[in-house]
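No hydrogens, no waters, no symmetry mates; every other heavy atom, side chains included, goes into these values. All values reported here derive from a predicted model rather than from experimental measurement.
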Amino acid sequence: MTLTLTVSDEVRALAPGFTHVAIEAHELVNGPSTEASSALLDDAARRLAVRLDGRAPHEDPHMVAWREVYTAFGSKPSRTRNSAEALAKRALPDAGLPRINLLVDLYNAISVAHLIPVGGEDTDRIQGGMILERAVGDEEFVTAAGGEEVVEHPDAGEVVWRDAVGVTCRRWNWRQGPRTRLTEQSTSAVFLLESLAPMPVADVEAAGAELAELLQKFSPGARITVHAPA
């Protein structure tokens, strides 16, 4: 893998059932949301409704596991939801899911349909490798508030993704920083699908395979590699 992804021993101890599938993609084509990507999001919302069968997203066993892990590192899961639960809550009402850009629409559709956190990072903007670890508390997370750039610091013990420059995503998969997010100009990316027990590893692999197929469909010339679960 061109980009090194490391999960710290502390995180493995906190969540022994954690598995992630990484998809590396180059020569992608991105741009504004399209009718086709919008249709995928609508279909994902329908698939989610069937999966939940009347339950609230937080009642799903996979989301219960994420809430337990969030609580374990000191986060309040009802206030700072994992990305899949947050998207699922938006998918069910009539308002539906946000349309961001083509690539983000694709991975959001997979996240909602499979009820699994999925993230995408622009590998051209990542400095060095990426590591999932528990923060000390002095790391920098550059975000925006009121149209201005703001530097935040994660809580001590919070699980974060970071590269050599700083935190790229706070509270595991709660909030991504703008520095490495996928924009309409992005052509290279790594997509991360993250799961906890009791979700079977085969289900994570199936979600990854579906995302890789969509990426190939919408970027026919792209070079895509699906890495084994880790």
Glu152 versus Arg170: any side-chain heavy-atom pair under 4.5 Å?
yes

Show every salt bridge (charged side-chain N to carboxylate O under 4.0 Å, His left out) that has at least one partner inside residues 50-73, sequence neighbours left out.
Arg55-Asp60, Arg67-Glu85

Go through the structure and list residues passing side-chain contact (heavy atoms from CB on, under 4.5 Å) with Thr6, not counting sequence neighbours.
Thr4, Ile131

Hey, any chance Ile100 and Phe191 share a hydrophobic cluster, counting ILVMFWY side chains that come within less than 4.5 Å of each other, even indirectly?
yes

Side-chain touch Pro117/Trp66, heavy atoms, less than 4.5 angstrom
yes

Looking only at non-hydrogen atoms, find the nearest pair between Val150 and Ala145 and report the distance.
CG2-CB, 3.8 Å

Could you note down all residue pairs passing ring pair (Phe, Tyr, Trp, His ring centres under 6.0 Å) where residues 199-221 supplies at least one of them, sequence neighbours left out?
none

Test side-chain hydrogen bond (donor to acceptor under 3.5 Å, both in side chains) applied to Trp161 and Gln176, Glu121, Glu194, the passing residue:
Glu194

Kindly list each side-chain donor-acceptor pair under 3.5 angstrom involving residues 195-205, sequence neighbours excluded, with atom names and distances?
none

Who else is in Phe141's hydrophobic cluster (ILVMFWY, side-chain heavy atoms under 4.5 Å, direct or via others)?
Val160, Val167

Distance (rounded to the nearest 0.5 Å) between Ser188 OG and Asp122 CG:
7.0 Å

Hey, could you give me each pair passing side-chain hydrogen bond (donor to acceptor under 3.5 Å, both in side chains) that has a residue in residues 123-148? Not counting sequence neighbours.
Glu133-Arg162

Roughly how far, to the nearest 0.5 Å, is CD1 of Ile23 from NE2 of His227?
9.5 Å

For Val142, the other hydrophobic cluster members (4.5 Å side-chain criterion, sorted by chain and number) are Val151

From CD1 (Ile116) to CE (Met63), nearest 0.5 Å:
8.0 Å

Pairs in or reaching into residues 18-52: which pass ring pair (Phe, Tyr, Trp, His ring centres under 6.0 Å), with residues at least two apart or in two chains?
Phe18-His20, Phe18-Trp172

Sub-4.5 Å side-chain heavy-atom contact between Thr168 and Ile126:
no

Of all the heavy-atom pairs spanning Ala222 and Leu28, show the shortest one and how long it is.
CB-CD2, 4.0 Å

Do Leu182 and Val165 share a hydrophobic cluster, counting only Ile, Leu, Val, Met, Phe, Trp and Tyr and linking them when any side-chain heavy atoms are less than 4.5 Å apart?
no

Could you walk me through whether Asp105 and Ser33 satisfy the side chain to side chain donor-acceptor pair (under 3.5 Å) test, starting with their C-alpha distance in whole Å, then the side-chain angles of each, then the deciding distance to 0.1 Å, before giving a yes or no?
CA-CA 7 Å; Asp105 289 352; Ser33 300; 2.6 Å; yes

Rounded distance (nearest 0.5 Å) linking atom CG of Leu87 with atom CG of Leu48
10.0 Å

For the atom pair CG (Leu211) and CD1 (Ile224), what is the distance rounded to the nearest 0.5 Å?
8.0 Å

Set of residues satisfying side-chain contact (heavy atoms from CB on, under 4.5 Å) with respect to Ala109, sequence neighbours excluded:
Leu40, Leu41, Ala44

Does any N or O in the side chain of Arg99 come within less than 3.5 Å of the main-chain N or O of Ser38, such that one atom is a donor and the other an acceptor?
yes

Salt bridge (Lys or Arg N to Asp or Glu O under 4.0 Å) with Glu210: which residues, sequence neighbours excluded?
Arg47

For Asn173, run the side chain to side chain contact (heavy atoms under 4.5 Å, CB included) check against Leu132, Asn82, Leu192 and tell me which one passes.
Asn82

Would you check if the side chain of Ser219 reaches a backbone N or O of Gln216 as a donor-acceptor pair within less than 3.5 Å?
no

From Leu106 CG over to Thr34 OG1, what is the distance, rounded to the nearest 0.5 angstrom?
8.0 Å

Under a 3.5 Å distance rule, please check whether Asp163 uses its side chain to pair with a backbone N or O of Gly166 as donor and acceptor.
yes

Quick one: list whatever passes side-chain contact (heavy atoms from CB on, under 4.5 Å) with Ser75, sequence neighbours left out.
Tyr70, Phe73, Thr80, Arg171

Among all residues two or more places apart in sequence or in another chain, which pass the side-chain contact (heavy atoms from CB on, under 4.5 Å) test with Asn101?
Asn30, Leu103, Val104, Glu184

